[in-house]
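First up is the structure itself, then whatever we jot down about it.
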Amino acid sequence: MNKKLVTLNSKGHFGKFGGRFVPETLIAALDELEIAYNKAKNDSSFQKEFRLHLKDFAGRPTPLYFAERLSAKFRNTKIYLKREDLCHTGAHKINNTIGQILLAKKLNKKRIIAETGAGQHGVATATVAAKMGFDCVVYMGTKDMARQEMNVKRMQLLGAEVRGVTSGTQTLKDATNEAIRDWVANVRDTFYVLGSVVGPHPYPMMVRDFQKIIGEETREQILEKENRLPDILVACVGGGSNSIGLFFPFLNDDVKMFGVEAAGLGINTTQHAATLTKGKPGVLHGSFSYLLQDDDGQILPAHSISAGLDYPGVGPEHSFLKESGRVKYVSVTDDEALNALFELTKLEGIFPALESSHALAYLKKMKLNSKNEKIVVVNLSGRGEKDLPTILRG
Amino acid sequence: MNRLTTKLQSLQKEKRKALSIFLTAGFPMMEKTIPLVKAIEKGGADILELGIPFSDPLADGPTIQFSSHVALENGITLSKIFSIVKEIRTFSEKPIVLMGYMNSLLAFGSEKFFASCFECGVDGIIIPDLPIEEAEEIILQAKEKNIATIFLASPTTTNERLKLLDEHSTGFLYCVSITGVTGARKNISSQTEKFLKRAKKIVKKNPLLVGFGISTKKDAQQIKGLCDGIIVGSALINLIRESKAREMEKNVCNFVRELRTGLDE
């Protein structure tokens, strides 16, 4: 087909991925958000305020920690951990919620909504909403509410209303549907704080920009400590915000990157969340990207021991980086992640989140035995306290 | 021109308003779709909209989420929907429009989708999560098979976009009455009236059909002066849910007839 409809101008694409696949009602709001974000991006007073909150409220910069005892398990390897687990509220999620809620303030919105899976993004949103004085509603699947009860209570303490979602699989996917429906209905006074690099344009770009501080700091810190760039970056991928945050500032460098998905009970079972490894491109939650789906295009339920990776979609930029070959996407099982969690806790005195444990587990599967010394940075995206009940049940 | 455009033009000549009725294909049981379609036709609908159930229908409220879920449990697929349309064409020449989400089309293959539409007798397609900017390929593929591409406009749509939507829509323009998802509501809001008056001024090419939240004869009467027709879905699904199996067709026929009267009197 060579005819072009020149009046149509689609935007927000990473190669063929991304775009905006949303009800018409949201287009005006996405346009408004895009304009506000582009302005804020180049506005030094906005950036100054953002950086100040990251420093004084979120606790940045987070350390880049040399894991000596873990490194000793491998030959010629230095493993550094980017300590996002030390951020306020316990994970990298707060970087993005500070950015988005500052934008909500600029746009004079009265009300904040968010979706959450494990509850980390919900807690980070409720936290910043409390600090900045917004009403906050968090949508959460009832299945996730049951397995992440502590985070539900935390959000409620912070003054947020947690709305249980009983439709579909009662997890993050359905919470996201419900948050989008709320936004469609209340679009004029409501700001939707999306928690990952998914959704319609400009979210994947904007959330990446708010998270790229992880990679920027890492770059500065490793140059200071090692006087050179790392050889390998490793991060877990659910929706993909912590990984893109680490990878993005290194995309043009000679650095290998691995995105680790959740293989659940195994990628040859139906119980996994390895979207890029096993999925096919399609449209979910507003963008064109890899998805877990059946032959009729119905979305398949994902499974992972880690609620934060339990999502059948993935950010469109990751789909692009997969197809271009720039980033290699791999997977580890529930058991491998659990073992890595125990190992790091015992070896380094750091208790990682189940999500981040997927990235740690992949170290064992890499060929880290070269003659030349290799520097590896693993993004320790969150801390493990929230996972205690899951681990104890284990 | 296809059945849809022909029908809407003749209605306009007769100065009558169009009644489009939405039914989730495969709901409440596979074998009920055909009898319900017959009841809808008998009740006096001008256009039949068949919903393609999707696991994650983000433009739909609880009612159509429910009917989609039930239909999927019943084993409905797009291929089965095309067989249903083929069967409808053995007894009816009413315009048929499919309404479904983008991922269902992509999984089926969009070119194959429009070829099947043409072959089985579908006249138009509504994709609530496909804004005009992303629709280029779909528009061109649909055009080749003479299938109408019906876009949605909402109260938040700017005047400039309304023009663009009018330019690329064929069949009609689907005006979403409120900012929100599908579902029956108590009243027609002043927001709807304002939006329809604005749309009427700007949209030149397409008839305006109004949907989302239109559920009673009273709604039909109240809104008919502001548009060229109405679309009713969730209220019908609710009625089917509340009906005993043997009274389902009768109730549906009566309900559609009541809406028809509301538009005609």
Side-chain angles (χ1 to χ4, degrees), chain A residues 1-13 18-32 166-169 173-174 176-188 200-201 280-288 291 293-301 312-313, chain B residues 52-62 65-66 69 72 76-80 100-108 111 127-137 139-141 143-144 151-158 161 163-165 167-168 174-176 178-183 212:
Chain A
M1 233 167 290
N2 46 23
K3 217 174 115 195
K4 276 270 173 197
L5 302 170
V6 287
T7 47
L8 300 182
N9 171 27
S10 78
K11 48 187 169 183
H13 290 270
R20 274 181 183 174
F21 294 87
V22 293
E24 171 67 21
T25 301
L26 292 183
I27 294 292
L30 291 170
D31 279 341
E32 176 189 59
T166 54
S167 57
T169 55
K173 159 180 95 76
D174 311 284
T176 308
N177 288 335
E178 214 48 47
I180 294 174
R181 289 182 188 119
D182 179 316
W183 199 28
V184 173
N186 301 296
V187 62
R188 291 192 171 93
H201 178 68
K280 282 178 296 190
V283 168
L284 177 69
H285 297 150
S287 74
F288 181 68
L291 298 178
Q293 54 179 321
D294 69 13
D295 291 341
D296 294 319
Q298 309 298 347
I299 309 305
L300 292 169
Chain B
I52 306 166
F54 179 48
S55 55
D56 294 78
L58 55 75
D60 285 303
Q65 285 176 48
F66 172 81
H69 180 75
L72 287 172
I76 194 78
T77 61
L78 202 36
S79 309
K80 287 181 188 167
Y101 288 82
M102 192 58 187
N103 205 47
S104 305
L105 260 79
L106 291 176
F108 192 82
E111 225 158 323
I127 310 171
D129 62 345
L130 182 71
I132 190 91
E133 287 83 357
E134 302 288 350
E136 173 146 346
E137 220 175 300
I139 292 172
L140 295 173
Q141 287 171 353
K143 206 172 197 173
E144 227 166 84
F151 285 92
L152 295 97
S154 103
T156 60
T157 303
T158 60
R161 275 183 75 79
K163 276 184 207 151
L164 193 67
L165 292 170
E167 184 188 336
H168 293 293
Y174 191 135
C175 292
V176 175
I178 33 90
T179 54
V181 292
T182 58
F212 285 38

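Remember, it's a predicted structure, so these values are computed and weren't measured experimentally. So that the names make sense, note that chain A is the first sequence line, chain B the second, and so on, each numbered from 1.
- Here the straight-line distance linking atom CG of B/L106 with atom NZ of A/K280 works out to 11.0 Å at 0.5 Å rounding.
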Practice item. For the pair A/H201 and B/E133, evaluate side chain to side chain contact (heavy atoms under 4.5 Å, CB included) and give the outcome as yes or no after the intermediate values. Key: CA-CA 12 Å; A/H201 178 68; B/E133 287 83 357; over 6 Å; no

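- At a 4.5 Å heavy-atom cutoff, the contact between A/D296 and chain B is made by backbone and side-chain atoms alike.
- Once rounded to the nearest 0.5 Å, the distance linking OG1 of A/T25 with CZ of B/F212 reads 7.0 Å.
- The contact between B/T157 and chain A is made by backbone and side chain atoms together, counting heavy-atom distances below 4.5 Å.
- Separating the NZ atom in A/K173 from the CG atom in B/D56 is a distance of 3.5 Å, to the nearest 0.5 Å.
- Contact check for A/E24 versus B/L165: side-chain heavy atoms found under the 4.5 Å cut-off.
- Both the backbone and the side chain of B/P155 come within contact range of chain A, each with at least one heavy atom under 4.5 Å from a heavy atom of that chain.
- For B/S104, the side-chain contact (heavy atoms from CB on, under 4.5 Å) criterion is met by B/I52, B/F54, not counting sequence neighbours.
- Looking at A/I27, the atoms closer than 4.5 Å to chain B (heavy atoms on both sides) all sit in the side chain, from C-beta outward.
- Residues A/V22 and B/D129 fail the side-chain proximity criterion, which asks for heavy atoms closer than 4.5 Å.
- In terms of heavy-atom pairs under 4.5 angstrom with chain A, the leader among B/L78, B/L130, B/L72, B/I178 is B/L72.
- Ranked by non-hydrogen atom pairs under 4.5 Å with chain B, the options A/G286, A/P200, A/S167, A/G282 are led by A/G282.
- With a 6.0 Å radius and a threshold of 12 heavy atoms from other residues, nucleotides or ligands, B/K163 has its NZ atom at or below the threshold.
- With rounding to the nearest 0.5 angstrom, the OG1 atom of B/T158 is 8.0 Å from the CG atom of A/D31.
- Atom NE2 of B/H69 has 12 or fewer heavy atoms from other residues, nucleotides or ligands within 6.0 Å.
- A distance of 14.0 Å separates CZ in A/R20 from CD1 in B/I132, rounded to the nearest 0.5 Å.
- Side-chain atoms of A/L284 and B/N103, non-hydrogen and from C-beta on, never get closer than 4.5 Å to each other.
- Between the side chain of A/R181 and the backbone N or O of B/P62, no donor-acceptor pair lies under 3.5 Å.
- When the candidates B/G61, B/A107, B/S79 are compared by the number of heavy-atom contacts under 4.5 Å with chain A, B/A107 comes out ahead.
- The closest donor-acceptor contact from the side chain of B/T156 to the backbone of A/A28 lies at 3.5 Å or more, if one exists at all.
- Under the side-chain contact (heavy atoms from CB on, under 4.5 Å) criterion, A/L300 pairs with A/L292, A/D294, not counting sequence neighbours.
- Distance alone, capped at 3.5 Å, places no donor-acceptor pair between the B/E134 side chain and the A/F21 backbone.
- With a 4.5 Å cut-off on non-hydrogen atoms, B/P128 touches chain A through its backbone but not through its side chain.
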